[in-house]
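Convention: sequence-line order gives letters A, B, ...; per-chain numbering from 1.
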There are 2 protein chains.
Amino acid sequence: MDIRKQFGANVRKHRQATGLSQEQFALQHDIDRTYVSGIERGKRNPTIVIVNKFAKALDVSIADLFDGCD
Amino acid sequence: MDIRKQFGANVRKHRQATGLSQEQFALQHDIDRTYVSGIERGKRNPTIVIVNKFAKALDVSIADLFDGCD
DNA sequence: ATGTGACTGCTAGTCCGTC
DNA sequence: GGACGGACTAGCAGTCACA
């Protein structure tokens with residue numbers, strides 16, 4: 001599976017676990033609304049700094065966001 | 001600790017575990033030698049596609065490359 | 001065998017929208 | 001609420017000469 005899709009799926013899973021919408025989540029953590037959308041759909045190829053930002057925002061480890069890769 | 005430095009340190013650790021020099025490693029996996037150098041020194045902010053490439057080249061999981069990040 | 005600055009092409013990251 | 005498009009700037013990918 002494409003790593004971008006896997007990463008996006010994990011972001012979505014953990015965001016939904018927080019009960020927040022993409023918009024609420026984006027606003028709360030100072031991220032662009034459309035960027036969250038793009039990430040979750042696997043259309044983006046984020047840098048590790050962004051990965052770190054999402055991990056902290058979702059309150060999960062970075063490893064959790066790469067769960068299922070391989 | 002800066003995630004770029006942590007990532008770089010982990011890459012270096014696992015590369016050295018293979019017994020290969022930066023140059024040998026770079027040649028073997030079709031990566032530029034100076035790029036490996038930049039990564040290991042934490043001067044680069046690679047994308048997850050690159051992270052995936054390094055994980056496969058080093059034969060470790062992606063989580064291993066983020067070991068020690070909080 | 002590795003560190004470093006500089007460079008070009010392209011894309012990551014951001015902002016405005018519509019459906 | 002979320003998908004998707006266009007446009008823009010900052011910064012990454014990839015490479016080189018040189019130390």
Note to self: Going by salt bridge (charged side-chain N to carboxylate O under 4.0 Å, His left out), name the residues that satisfy it together with A:Asp2, two or more places apart in sequence or in a different chain.
What the structure shows: A:Arg4

I'd like a table of donor-acceptor pairs (distance under 3.5 Å, sequence neighbours excluded) in which one partner is a side-chain atom from residues 48-59 of chain A, with atom names and distances.
residue : atom : partner : partner atom : Å
A:Lys56 : NZ   : B:Asp70 : OD2          : 2.7

Note to self: Using every non-hydrogen atom in the two residues, find where A:Cys69 and A:Gln6 come nearest and quote the distance to one decimal.
What the structure shows: SG-CG, 3.5 Å

Atom pairs and distances, donor-acceptor, side-chain atoms in residues 33-40 of chain A, under 3.5 Å, two or more places apart:
residue : atom : partner : partner atom : Å
A:Thr34 : OG1  : A:Asp32 : OD2          : 2.4
A:Ser37 : OG   : A:Arg41 : NE           : 3.1
A:Ser37 : OG   : A:Arg41 : NH2          : 3.3
A:Glu40 : OE1  : A:Arg12 : NE           : 2.7
A:Glu40 : OE1  : A:Arg12 : NH2          : 3.1
A:Glu40 : OE1  : A:Arg15 : NH2          : 3.1
A:Glu40 : OE1  : A:Gln22 : NE2          : 3.0
A:Glu40 : OE2  : A:Arg15 : NE           : 2.5
A:Glu40 : OE2  : A:Arg15 : NH2          : 3.4

Check: Who are the side-chain hydrogen bond (donor to acceptor under 3.5 Å, both in side chains) partners of B:Ser61, not counting sequence neighbours?
Finding: B:Asp64

Can you pull every protein N or O that's under 3.5 Å from an N or O on nucleotides 11-15 of chain C?
residue : atom : partner : partner atom : Å
C:dA12  : OP1  : A:Asn45 : ND2          : 3.4
C:dA12  : O5'  : A:Asn45 : O            : 3.4
C:dG13  : OP1  : A:Thr47 : N            : 3.4
C:dG13  : OP1  : A:Thr47 : OG1          : 2.7
C:dG13  : OP2  : A:Tyr35 : OH           : 2.1
C:dG13  : O5'  : A:Tyr35 : OH           : 3.2
C:dG13  : N7   : A:Arg44 : NH1          : 2.6
C:dC15  : N4   : A:Thr34 : OG1          : 3.2

Next item on the list: To the nearest 0.5 angstrom, please state how far the CG atom of A:Asn10 sits from the CD1 atom of A:Ile3.
Entry: 10.0 Å

Next item on the list: Could you name each residue pair satisfying ring pair (Phe, Tyr, Trp, His ring centres under 6.0 Å) that touches residues 5-24 of chain A, not counting sequence neighbours?
Entry: A:Phe7-A:Phe66

Margin query: Need two values: the first and the last nucleotide of DNA chain D, 5' to 3', having an atom under 4.0 Å from any heavy-atom of chain A.
Written below: D:dG1 to D:dC12

Next item on the list: Using the salt bridge (Lys or Arg N to Asp or Glu O under 4.0 Å) rule, collect all pairs that involve residues 20-29 of chain B, keeping only residues at least two apart or in two chains.
Entry: none

Note to self: Suppose we screen for side-chain contact (heavy atoms from CB on, under 4.5 Å). Which residues come up paired with B:Gln28, at least two apart in sequence or across chains?
What the structure shows: B:Leu20

Next item on the list: For DNA chain C, determine which residues of residues 19-27 of chain A have any heavy atom closer than 4.0 angstrom to one of its atoms, and list them numerically.
Entry: none

Check: Can you name the residues that form a side-chain hydrogen bond (donor to acceptor under 3.5 Å, both in side chains) with A:Asn45, not counting sequence neighbours?
Finding: B:Thr47

Check: Mind pulling the stems DNA chain D is in, i.e. runs of at least three Watson-Crick or G-U pairs, everything under 3.5 Å?
Finding: C:2-19 with D:2-19

